[in-house]
Amino acid sequence: MKGLFLNFADSIYQNMEQAIEELARKNQREAWKIIQDTDIVNLWRSIGAEVNLVGSLRMGLLMKHRDIDFHLYTSQINLSDDFRVMARLAENPSVKRIEYGNSLDMEERCVEWHAWIQEEGQEPWQIDMIHIVKGSRYDGYFERMAERISATLTEETRRAILRLKYETPDIEKIMGIEYYRAVLEGHVHTYAELERWRENHPVAGVVEWFP
């Protein structure tokens, strides 16, 4: 009887893992379609920007949070150029809202753009575009972080991160870096462990951590 129960529990676990993997693959395919349909890379390249994909999509760790992250670099930032890019992006009927933030006078030396995309019959997506001055503090920082995380991941830790993201309630806002650090440094594998980890490792502002 005990053996039957263990086999049943193992079957449920395997089915859940398969469902998580399938959802992750589906959302990553949709993310790449959004990038293609908006032509966002070419829009930024049209003003001479270097365009780098960062975040969970770059690392293959995008789960159910529909967010695409780009870092963009030029030697100086001309706001007129940025607004021209956003005007062209806004011509796409799938773009429903755009927000802007200016941190050029701060240490980050960047301009933040956030666009919300919703194609017909699909769930909404958010594209975060951070335009950074070349040579400033965070030039290439998050690209190097993504490379280090990707190089450190094993199949076990990758699945643990996807599972934790899947189990996170939709109303809970957790930064991607919190998952990666909790799993890779804290060896966290359950959502209860993640909650305890976050209590003991509160974050404020930019998290500067490499595995």
So, Asp128 versus His114: side-chain donor-acceptor pair below 3.5 Å or not? yes
Does this structure show an ion pair linking Lys165 with Glu167, if we count only N-O contacts that are shorter than 4.0 Å? no
Minimal non-hydrogen separation, Ile77 against Cys110, with atom names: CD1-CA, 4.4 Å
Kindly say whether Met106 contributes a backbone atom to a donor-acceptor pair with the side chain of Ser103 at under 3.5 angstrom? no
Shortest non-hydrogen contact from Asp37 to Asn92? O-ND2, 3.3 Å
Who else is in Tyr73's hydrophobic cluster (ILVMFWY, side-chain heavy atoms under 4.5 Å, direct or via others)? Ile130, Ile132
Does this structure show an ion pair linking Glu21 with Arg159, if we count only N-O contacts that are shorter than 4.0 Å? yes
So if you build clusters from Ile, Leu, Val, Met, Phe, Trp, Tyr with side-chain heavy-atom gaps below 4.5 Å, do Trp209 and Val188 land together? yes
Gln122 and Gln118 side chains, donor-acceptor separation under 3.5 Å: no
I'd like to know if Arg198 and Glu178 make a salt bridge, using a cut-off of under 4.0 Å between side-chain N and carboxylate O. yes
Taking only residues at least two apart or on different chains, which pairs with a member in residues 146-185 satisfy ring-ring contact (aromatic ring centres under 6.0 Å, His included)? none
According to side-chain contact (heavy atoms from CB on, under 4.5 Å), who are the partners of Val85, at least two apart in sequence or on a separate chain? Leu43, Trp44, Ile47
Please answer: with hydrophobic residues joined when any side-chain heavy atoms are less than 4.5 Å apart, are Val41 and Leu53 in the same cluster? yes
For the backbone of Thr154 and the side chain of Thr157, can you confirm whether one donor and one acceptor N or O come within less than 3.5 Å of each other? yes
Does this structure show an ion pair linking Arg88 with Asp39, if we count only N-O contacts that are shorter than 4.0 Å? no
Do Asn102 and Tyr100 meet the criterion of a side-chain donor-acceptor pair at a distance under 3.5 Å? yes
Would Asp82 and Trp113 count as having a side-chain donor-acceptor pair, cut-off 3.5 Å? yes
Gln36, CD atom: more than 12 neighbouring heavy atoms under 6.0 Å: no
Would you say the side-chain atoms of Gln76 and Asn78 include a donor-acceptor pair closer than 3.5 Å? no
Would you call Glu22-Lys26 a salt bridge at under 4.0 Å N-O? no
Inspect the contact between Glu155 and Arg158 and indicate whether a charged nitrogen and a carboxylate oxygen are less than 4.0 angstrom apart. yes
Worked check of side-chain contact (heavy atoms from CB on, under 4.5 Å) between Val133 and Thr74: CA-CA 6 Å; Val133 176; Thr74 50; over 6 Å; no
Do Lys33 and Glu119 sit within salt-bridge range, that is, some charged N less than 4.0 Å from a carboxylate O? yes
Between Tyr191 and Glu172, is there a side-chain donor-acceptor contact under 3.5 Å, judged purely by atom types and distance? no
Show the numbers, then the answer: is there a side-chain contact (heavy atoms from CB on, under 4.5 Å) between Ile117 and Gln126? CA-CA 6 Å; Ile117 319 292; Gln126 180 176 329; over 6 Å; no
Could you tell me whether a side-chain N or O of Gln28 sits under 3.5 Å from a main-chain N or O of Leu57, the two making a donor and an acceptor? no
Would a hydrophobic clustering, with Ile, Leu, Val, Met, Phe, Trp and Tyr connected at side-chain separations under 4.5 Å, put Ile68 with Leu61? no
Would a single hydrophobic cluster contain both Phe70 and Val95, if residues Ile, Leu, Val, Met, Phe, Trp and Tyr are joined by side-chain heavy-atom contacts under 4.5 Å? yes
